Amino acid sequence: GAGVSQTPSNKVTEKGKYVELRCDPISGHTALYWYRQSLGQGPEFLIYFQGTGAADDSGLPNDRFFAVRPEGSVSTLKIQRTERGDSAVYLCASSPKRLSSYNEQFFGPGTRLTVL
Amino acid sequence: GQQLNQSPQSMFIQEGEDVSMNCTSSSIFNTWLWYKQDPGEGPVLLIALYKAGELTSNGRLTAQFGITRKDSFLNISASIPSDVGIYFCAGQLITGNTGKLIFGQGTTLQVKP
């Protein structure tokens with residue numbers, strides 16, 4: 001399909017381990033967002049990419065979280081030394097172009113991360 | 001993190017009934033959005049509002065952007081079973097240029113056939 005895809009769909013890991021979550025945006029979309037959704041809550045912004053650069057990383061909770069988008073397409077969210085509180089659904093969204101007014105963000109199905 | 005205040009938290013209604021939910025914020029937004037999320041899926045946009053006071057419809061859905069830019073409501077008329085899901089409001093902040101969205105806590109809607 002032509003939508004945003006995320007892999008894996010589910011990830012179970014142990015406390016202290018390192019994880020990588022991948023997002024494939026819609027082809028041609030230059031803006032890419034990561035959000036985190038805890039159980040029973042709405043998504044919370046983590047980081048925004050415009051092209052290859054992280055234009056806003058103000059939502060990253062601490063320095064264990066890092067994200068890259070080296071070629072301006074696929075993005076990887078990396079979490080070091082995972083903690084049980086990192087358990088959540090991590091959503092990726094992409095948008096067609098640089099924002100001057102609202103452009104719809106298309107969301108992927110998310111990766112459900114469980115830290116034991 | 002910052003979130004909008006969305007109510008009610010959940011609703012259980014009879015098929016055919018109308019539904020209303022709303023969001024308020026202490027911050028001013030230049031865009032309000034309403035999303036629906038099904039289990040195991042990401043949010044899907046239902047309605048986008050761009051101007052204070054704007055009233056917009058999408059089929060059986062109607063939403064309004066509050067005149068103060070700090071609130072919005074969503075109405076669903078003549079509910080059907082496929083309306084079941086979680087509905088989120090979201091605002092785009094007026095300052096900055098990231099387009100990041102601030103979401104409400106969600107309203108879980110259940111429809112009894």
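Numbers restart at 1 for each chain; the letters A, B, ... are given by sequence-line order, proteins then strands. Keep in mind that what you see is a predicted model, and the values were worked out from it rather than measured.
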Open item on the list: Test your reading of the model: is there a side-chain donor-acceptor pair from Gln105(A) to the backbone of Gly99(B), 3.5 Å cut-off?
Closed with: yes

Task: Exceeds 12 heavy-atom contacts within 6.0 angstrom, atom CD of Glu17(B) - done: yes

Task: hydrophobic_cluster_shared for Leu60(A) and Leu32(A), side chain cutoff 4.5 Å - done: yes

TODO: Decide if atom CZ of Phe66(A) counts as having more than 12 heavy atoms of other residues, nucleotides or ligands within a radius under 6.0 Å.
DONE: no

Task: chain B contact via Gln37(A) - side chain, backbone, both or neither, heavy atoms under 4.5 Å - done: side chain

TODO: Considering only heavy atoms, give the residues of residues 104-113 of chain B separated from chain A by less than 4.5 Å, sorted numerically, with 'none' for an empty result.
DONE: Gly104(B), Gln105(B)

Open item on the list: Would a single hydrophobic cluster contain both Leu61(B) and Phe73(B), if residues Ile, Leu, Val, Met, Phe, Trp and Tyr are joined by side-chain heavy-atom contacts under 4.5 Å?
Closed with: no

Open item on the list: Taking the ring centre of each residue, are Phe103(B) and Phe45(A) less than 6.0 Å apart?
Closed with: no

Task: Counterpart residues, ring pair (Phe, Tyr, Trp, His ring centres under 6.0 Å), relative to Phe88(B) (two or more places apart) - done: none

Open item on the list: Determine whether a donor-acceptor pair (N or O, by modelled atom type, separation under 3.5 Å) exists between the side chain of Tyr33(A) and the backbone of Leu101(B).
Closed with: no

Task: Enclosure of Leu39(A) CG (heavy-atom neighbours >12, cutoff 6.0 Å) - done: no

Open item on the list: Please determine whether residues Leu45(B) and Trp34(A) belong to a single hydrophobic cluster, defined as Ile, Leu, Val, Met, Phe, Trp and Tyr linked transitively by side-chain heavy-atom distances below 4.5 Å.
Closed with: no

Task: Gln37(B), part contacting chain A, at a heavy-atom distance under 4.5 Å - done: side chain

Open item on the list: How close do Gly42(B) and Leu91(A) get, counting heavy atoms only, and between which atoms?
Closed with: CA-CD2, 4.1 Å

TODO: Evaluate whether atom CD of Glu14(A) has more than 12 neighbouring non-hydrogen atoms of other residues, nucleotides or ligands under 6.0 angstrom away.
DONE: no

Open item on the list: Is there a continuous path of hydrophobic side-chain contacts, each under 4.5 Å between heavy atoms, that joins Tyr90(A) to Val4(A)?
Closed with: no

Task: Side chain / backbone / both / neither for Phe106(A) at chain B, heavy atoms under 4.5 Å - done: neither

TODO: Verify the cluster assignment for Ile26(A) and Phe107(A): are they in a single hydrophobic cluster under the rule of side-chain heavy atoms below 4.5 Å apart?
DONE: no

Task: Which atoms of Ser58(A) approach chain B - backbone, side chain, both or neither, heavy atom under 4.5 Å - done: side chain

